[in-house]
Amino acid sequence: MEIIKKINECKLIVNQLREKGYKIGLVPTMGFLHEGHINLIRMAKRDCDKVFISIFVNPAQFGPDEDFKNYPRDIKKDSALAEKEGVDYIFYPTVQEMYGSDHKTIVEVKELGKIMCGKYRPIHFAGVTTVVLKLFNIVNAQKAYFGQKDYQQMIIIKKMAADLNMDIEIVSGPTKRESNGLALSSRNKYLSVEERENATILYKCLNLAKNMIKNGEKNLEKVKRIVLGNLEDNRFVKSVDYFEFRDTRTLEEIKRVDKDYKSILAAAAVWIGKTRLIDNIIIKVEKQ
Ligand code: PAF
């Protein structure tokens with residue numbers, strides 16, 4: 001496994017691999033790898049001849065009061081894990097290498113980046129799409145892998161790739177969870193032991209919504225009220241940014257279950273103490 005820090009060097013290597021006819025897979029990450037990332041790497045290993053991961057904590061996707069500085073980093077552990085999984089290359093640039101001192105271009109997928117998490121993190125998705133497009137241009141892969149825990153991110157990246165006629169397939173991998181249901185996230189590191197135990201309320205509430213819908217409840221405003229009540233009653237939940245039902249493809253808000261929907265995304269962002277956690281599930285709707 002090779003660690004590449006320079007953009008030009010990375011492009012050169014990718015060009016040589018593509019000339020040999022290799023199929024390249026890219027797993028973009030911000031490091032501090034967990035089972036969710038490992039699963040994406042395994043998917044890429046199955047589909048592709050050569051697998052790149054990128055490790056780059058991207059300042060452009062953090063707001064001024066967010067956790068860019070404190071975001072967990074552990075390149076030693078990450079490279080050992082990646083090597084064990086058979087990753088071929090880690091692209092590991094510095095902020096200076098990626099943005100220089102005169103970076104002016106922003107790529108933005110309009111409306112989709114302003115709803116759900118975008119309402120609370122106004123520059124976040126523009127920062128994500130900008131860096132992801134840069135990564136796609138640097139590691140010219142045929143397939144790129146993203147986790148469903150960041151469902152909105154995955155939809156936005158798919159939309160960017162389609163709108164900009166990009167020759168890359170966006171593949172999504174499932175959310176990995178701890179045995180108690182807590183979705184794996186690098187940010188779980190911020191939680192105290194007590195908070196970590198109580199953070200399962202998020203997944204429990206998503207399942208509560210699922211059960212109500214499976215039991216025939218069609219009024220999603222009612223489901224939302226009940227779920228929000230449950231979240232707000234939990235003393236570890238400092239605040240709820242949102243809990244919403246959305247179309248799984250367009251992310252349009254859904255207020256009522258009707259025969260047009262085969263599946264519905266239930267997604268939420270909550271603050272457990274000082275940590276913002278997101279999670280979602282897809283609810284399959286029975287034939288009406
Ligand atoms: O999901 C992430 O870890 C990041 O948002 C990504 C896609 C690597 C872009 O920085």
Side-chain angles (χ1 to χ4, degrees), residues 4 7 10 25-41 43-44 51-63 66-75 77-79 81-82 87 89-99 103 105-109 112-113 116-118 120-139 141 143-161 164 166 168-176 183-190 267 269 275-280:
I4 313 164
I7 293 170
C10 191
L26 168 66
V27 183
T29 83
M30 298 207 298
F32 214 71
L33 304 180
H34 53 65
E35 271 303 313
H37 299 114
I38 301 295
N39 188 56
L40 296 177
I41 292 172
M43 289 169 67
V51 171
F52 283 69
I53 70 169
S54 60
I55 296 184
F56 180 62
V57 184
N58 171 34
Q61 69 189 73
F62 290 80
E66 293 184 356
D67 55 341
F68 172 68
K69 275 217 173 86
N70 297 331
Y71 195 86
R73 294 160 169 90
D74 192 343
I75 185 66
K77 194 164 163 224
D78 286 348
S79 18
L81 274 171
V87 166
Y89 300 92
I90 301 184
F91 178 55
Y92 179 54
T94 60
V95 172
Q96 176 63 25
E97 178 71 6
M98 281 299 270
Y99 289 109
H103 196 280
T105 306
I106 285 176
V107 185
E108 189 171 9
V109 177
L112 287 178
M116 301 165 75
C117 284
Y120 301 88
R121 306 185 71 192
I123 60 143
H124 174 67
F125 288 111
V128 169
T129 38
T130 302
V131 84
V132 168
L133 182 55
K134 283 166 76 69
L135 290 168
F136 286 177
N137 284 336
I138 296 164
V139 181
K143 285 179 177 247
Y145 297 78
F146 295 88
Q148 273 180 24
K149 195 192 67 102
D150 297 293
Y151 196 93
Q152 184 178 9
Q153 166 175 283
M154 188 262 294
I155 293 288
I156 287 175
I157 290 167
K158 279 191 173 166
K159 186 77 179 116
M160 170 180 77
L164 300 182
M166 297 165 69
I168 190 158
E169 185 189 342
I170 309 300
V171 185
S172 68
T175 303
K176 291 284 166 181
L184 296 190
S185 159
S186 309
R187 288 195 167 96
N188 291 351
K189 184 183 189 294
Y190 301 145
T275 308
R276 185 176 187 275
L277 297 180
I278 58 171
D279 199 355
N280 67 77

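Order of appearance sets the numbers: ligands from 1, and atoms from 1 within every ligand. Residues take their numbers from the sequence shown, with the count starting at 1.
The closest side-chain donor-acceptor pair between Tyr71 and Asn58, if any, does not fall under 3.5 angstrom. Checking Asp78 against Tyr92 by side-chain atom types alone, no donor-acceptor pair falls below 3.5 Å.
Residue contacts with ligand 1 for Thr29 involve N, CA, C or O but no side-chain atom from C-beta outward (heavy atoms, distance under 4.0 Å).
Interface atoms of ligand 1 facing Gln153, defined by a heavy-atom separation under 4.0 Å, are 1 (O), 2 (C), 4 (C), 5 (O), 7 (C). Within ligand 1, the atoms closer than 4.0 Å to a non-hydrogen atom of Phe146 are 7 (C), numbered from 1 in the order shown. Against a heavy-atom cut-off of under 4.0 Å, Val131 is close to the following atoms of ligand 1: 9 (C), 10 (O).
Considering Lys134, His37, Gln61, Lys149 only, the shortest heavy-atom separation from atom 9 (C) of ligand 1 involves Gln61.
For the side-chain hydrogen bond (donor to acceptor under 3.5 Å, both in side chains) test, no residue two or more places apart in sequence or in another chain qualifies with Tyr151.
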Side-chain donor-acceptor pairs under 3.5 Å in residues 25-36, sequence neighbours left out?
residue: Thr29; atom: OG1; partner: Gly31; partner atom: N; Å: 2.9
residue: Thr29; atom: OG1; partner: Ser54; partner atom: O; Å: 2.8
residue: His34; atom: ND1; partner: Gly36; partner atom: N; Å: 3.0

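When all heavy atoms of Tyr99 and Gly127 are compared, the pair lying nearest together is OH-O, 4.5 Å.
The single protein non-hydrogen atom nearest to atom 3 (O) of ligand 1 is Met30 CG, 3.5 Å, given as residue, atom name and distance.
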